[in-house]
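Bear in mind the structure is a predicted one, so any value in this text is a computation, not a measurement. Just the heavy atoms: all of them, side chains too, but no hydrogens, waters or symmetry mates, feed the values below. Residue numbers begin at 1 in each chain, while the letters A, B, ... track the order of the sequences.
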Amino acid sequence: MDVSELLDGLNDNQREAVAAPLQNMLVLAGAGSGKTRVLVHRIAWLMQVENASPYSVFAVTFTNKAAKEMRARVEQTIEGSAGGMWIGTFHGLAHRILRAHHREAKLPESFQILDSDDQQRMIRRLLKAMNIDEKKWPAKHIAWYISAKKDEGLRPGDIQAYDVNEQLLQRVYSAYQEACDRAGLVDFAEILLRCYEVLQQQPTLLRHYQQRFAHILVDEFQDTNTIQYRWLALIAGDTNSMMIVGDDDQSIYGWRGARIENIKRFLDDFDAETIRLEQNYRSTATILKAANTLIENNSERMGKSLWTDGNQGEPISIYAAFNELDEARFIVGKIKTWLQAGNALSDSAILYRNNAQSRVLEEALLQEGMKYRIYGGMRFFERQEIKDALCYLRLVSNRQDDAAFERVINTPTRGIGDKTLSHIRDCARAESLPLWYAAKAIIEQQHLSGRAATAVTRFLELVDGIEARIGDLTLAEQAKYAIENTGLMAMYQAEKGEKGRARVENLEELINACEQYELPVDEEFSSPLQGFLAYTSLESGEGQAEEHEDAVQMMTLHSAKGLEFPLVFMAGVEEGMFPSQQSQEESGRLEEERRLCYVGMTRAMDKLYITHAEARRLYGQEKYHSPSRFLRELPDDCIEEIRVRTKVTAPQQSSRFSPSLTQAAFADSGFNLGQRVLHAKFGEGTVLNYEGAGAQSRVQVNFDDVGSKWLVTAYARLQAL
DNA sequence: ATCCCAGAACTTTTT
DNA sequence: GTTCTGGGAT
């Protein structure tokens, strides 16, 4: 590609960033302002104009998806291979360095990665051994604590524990770390911290990477945490060509350690120039104006205002639903209309604050026979049956892996009970041995009863046997061999019902994934299996066996970041839901919620609907939320209210409507409950739920605007208790 | 080893 | 209200 072509089609600011001299730079890139484009073109520019070698490029993203996209677009732009460049996620790149220098990092060659589930099991095990009450100290919280400390670059010894609680946490952290080290295991946070420490402690190594990576590019910089910042700074050294791209207004991961202030810190530490990308190529002027106005309510912004030379577009529609069912019905209705106008389902998205909200929406879509796809949820490589299989493979490749040992020693059941297991654990603890070797020792010392000893021996031989047999097999054959010979397949085949069938299918899909897997040529893995295992932990399997059909896209606001859709619905925009209850109680959280709202709004290209429900069944209770404060922050001339809100009046004593009130409401309208379809005119304070003695019914109510009154179609679904 | 029930949880998510 | 989990009973 010709050099001038690299700048063609870019606006002035984008061009300025792409063609900037070698210097540290912050590109403050608003939503939909073409930041990926700038990064990609910058890489091409560095190569073609600055004669940078591909080996000098180090491009970091947060997600595998973003890394993959960047690599693909670079290759497209430079019309060649991006091999030699390091383009990947923070964890992927740090992991790569650790593999290459596992000795310096004091890790076994076949070290394995713990996902958060493994991590929690590991902690639970420790808590039992340390006699700590799990009720008082849930493994989840402790895992959270440990990760948070690692994210800040803190080892147990760096923590000043002033009170007994923190001292306990510190003790568990310490024990956990020892257990991981002994087993050759690293958790996600450990990958970064360990890599950081190795580079810091090995000046020769560090110099090597610093000299090699003359050009560092970082995407989504507002999401970096402390250790990520330090890691980048270390590798950058005094290089003066680091380009970071980010948007302080889209920082929504503060709750998991992201430091929005890293952007400002970068400006100081690296004496960087700032370039702003404010022209938006995605949304209508109306949507942008509303989003801008909203975000201006935040303080300490770096300042940025999106604009477009495109259409004004339609106003943002705000719908005040009677309850969550009405909300779902409304949304589905609008999607239906949109579909009938000749649009694709997959161009519409429903965004919500928390996953629990998806259910009612799903039911409504199902009722209309509309296809949908929900993002998030259980990932492929995290499924129980998949993890079982992977843990066998982990154990095959690294006998020290205690987490894997614990998981599969009695899966499928082979007569190794709690007693035998705690025997092995005791021995392991006493001798500071991995469980595998403790089990071996116990058998040799004949400390077990005949039956238990046979069972354990058979297990050890099983794993050894797999390793002996898979030597010259392909990866897929190895997996197949392991899944079948361990009895896993038989176990899940025997499991009845839809669930068992799905699990068998997943195991087959795992073999398929092995077939598809390509070992990265330039990374240092001792075996294809090793590479595959790392892949399964770092890439959770999004896209595995996924169908691409035309469907409504459903996801949380968080997972919508980076995406765009012509038609967007934001559901449940109510006080207590969004901003969430807890964000209103803790200080500083509110602004992040507002940024989340900003992110949500700026996903919409053409039309945005925002809905809120006056009544909502939440955790089994009827809640009456007022519309979100964020709605009040939108400028009047950008919005239209589809249904003027009515005041829902609950009876004084109870937060639920009473049966008599419900019956009265229906009787007043001249209809009886139980009648399949009812037509009624309802006024303010419409009663939506009916609960009678002996039978429980949920009244589903459909509303359409008819002048100042509402024509109501309702039917009751009576369910005997 | 398996099953069943009581009790707890319950933002947001990538790696 | 629902779903998951852990512990106790069979």
Side-chain angles (χ1 to χ4, degrees), chain A residues 60-67 88-95 113-121 124 128 134-135 138-141 144 147 150-151 186-192 195 220 223-225 227-228 251-258 324 351-360 375-379 381-382 384 410-418 491 495 534-542 555-562 572 576-586 589 592-593 595-597 599-600 616-623 656 689 691 696 698 719:
Chain A
V60 195
T61 64
F62 272 86
T63 65
N64 289 301
K65 196 173 153 210
T89 63
F90 277 95
H91 292 87
L93 298 175
H95 170 256
I113 300 164
L114 286 184
D115 68 15
S116 28
D117 183 59
D118 295 327
Q119 192 182 16
Q120 277 174 44
R121 284 163 185 267
R124 209 166 292 135
K128 282 208 184 80
E134 274 185 73
K135 289 268 144 57
K140 210 177 176 181
H141 291 179
W144 185 271
S147 299
K150 289 187 179 185
D151 285 347
V186 296
D187 57 46
F188 289 126
E190 184 72 20
I191 294 176
L192 293 167
C195 183
E220 305 275 22
D223 290 336
T224 54
N225 63 31
I227 196 67
Q228 284 162 339
S251 164
I252 55 176
Y253 287 110
W255 52 275
R256 62 171 199 214
E324 77 277 14
L351 312 181
Y352 34 81
R353 180 63 180 80
N354 67 17
N355 291 114
Q357 288 173 257
S358 72
R359 197 138 150 183
V360 182
Y375 288 76
M378 193 46 101
R379 299 212 160 25
F381 292 123
E382 285 168 6
Q384 177 189 313
N410 204 29
T411 318
T413 51
R414 48 172 69 86
I416 302 176
D418 270 349
M491 177 178 105
E495 194 171 305
Y535 165 80
T536 61
S537 335
L538 290 174
E539 182 134 11
S540 41
E542 191 71 51
M555 66 198 83
T556 62
L557 287 152
H558 280 90
S559 34
K561 191 164 79 149
M577 295 275 291
F578 188 29
S580 72
Q581 195 60 55
Q582 37 272 76
S583 71
Q584 299 178 36
E585 287 153 12
E586 290 168 62
R589 290 299 180 88
E592 184 155 306
E593 294 283 302
R595 291 194 290 268
L596 189 56
C597 188
V599 166
R616 181 182 295 277
R617 201 161 258 269
L618 209 63
Y619 305 136
Q621 282 203 319
E622 206 76 15
K623 298 278 186 190
R656 304 282 301 272
N689 294 291
E691 200 167 74
Q696 193 178 33
R698 188 113 169 106
Q719 294 172 326

Pairing of [X] and [Y] as salt bridge, 4.0 angstrom limit:
X	Y	value
A:D115	A:R379	no
A:R595	A:E592	yes
A:R617	A:E324	no

Item to check | C:dG6 versus B:dT11 - spacing of their C1' atoms, nearest Å | outcome: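 The same atom, C1', in both gives a distance of 24 Å.
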Item to check | Whole-angstrom distance between B:dT12 and C:dT5, as gauged at atom P | outcome: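 Here B:dT12 and C:dT5 have their P atoms 16 Å from each other.
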Residue [X], side-chain atoms from C-beta onward, closest of [options]:
X	options	result
A:R379	B:dT14, B:dT15, B:dT12	B:dT14
A:N354	B:dT2, B:dT11, B:dT15	B:dT11
A:H558	B:dT15, B:dT12, C:dG6	B:dT12
A:R256	B:dA1, B:dT12, B:dT14	B:dT14
A:R617	C:dT3, C:dG1, B:dT14	C:dG1
A:Q582	B:dT11, B:dT13, B:dT15	B:dT11
A:T413	B:dT13, B:dA1, C:dG1	B:dA1
A:Y619	B:dT15, B:dT12, B:dT11	B:dT11

Checklist entry - Which sits closer to the 5' end of DNA chain B, A:I416 or A:L557, going by the nucleotide each is nearest to? => result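 Nearer the 5' end of the strand: A:I416.
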Item to check | Nearest-nucleotide 5' precedence on DNA chain B, A:M555 against A:K140 | outcome: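 Its nearest nucleotide being more 5', the pick is A:K140.
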Item to check | B:dT14 pyrimidine/purine six-ring stacking with A:F188, under 5.5 Å and 30° | outcome: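 Base of B:dT14: not stacked against A:F188.
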Determine the contact category for [X]: base if any of its heavy atoms lies under 4.0 Å from a base atom, sugar-phosphate if only primed atoms, P, OP1 or OP2 are that close, otherwise nothing.
X	value
A:E592	nothing
A:N355	sugar-phosphate
A:R124	sugar-phosphate
A:D115	nothing
A:S580	base
A:S559	sugar-phosphate

Checklist entry - Under 30°, 30 to 60°, or over 60°: which ring-plane class applies to A:F62 and A:F90, parallel, tilted or perpendicular? => result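 Taking A:F90 first and then A:F62, their aromatic rings sit tilted (interplane angle of 30° to 60°).
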Checklist entry - In terms of the angle between their ring planes, are A:H558 and A:W255 parallel, tilted or perpendicular, with boundaries placed at 30° and 60°? => result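 A:H558 vs A:W255 ring planes: perpendicular.
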For [X] and [N], give me the distance from atom [atom1] to atom [atom2], rounded to whole Å.
X	N	atom1	atom2	answer
A:K128	C:dT5	NZ	C1'	12 Å
A:I252	B:dT12	CD1	C1'	8 Å
A:K135	B:dA8	NZ	P	8 Å
A:D223	B:dT15	CG	P	12 Å
A:Y352	B:dT13	OH	P	9 Å
A:E134	B:dG7	CD	P	19 Å

Item to check | Passing option when A:I191 is tested against A:L93, A:L114, A:L538 for side-chain contact (heavy atoms from CB on, under 4.5 Å) | outcome: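 Running side-chain contact (heavy atoms from CB on, under 4.5 Å) over A:L93, A:L114, A:L538 with A:I191 returns exactly one hit, A:L538.
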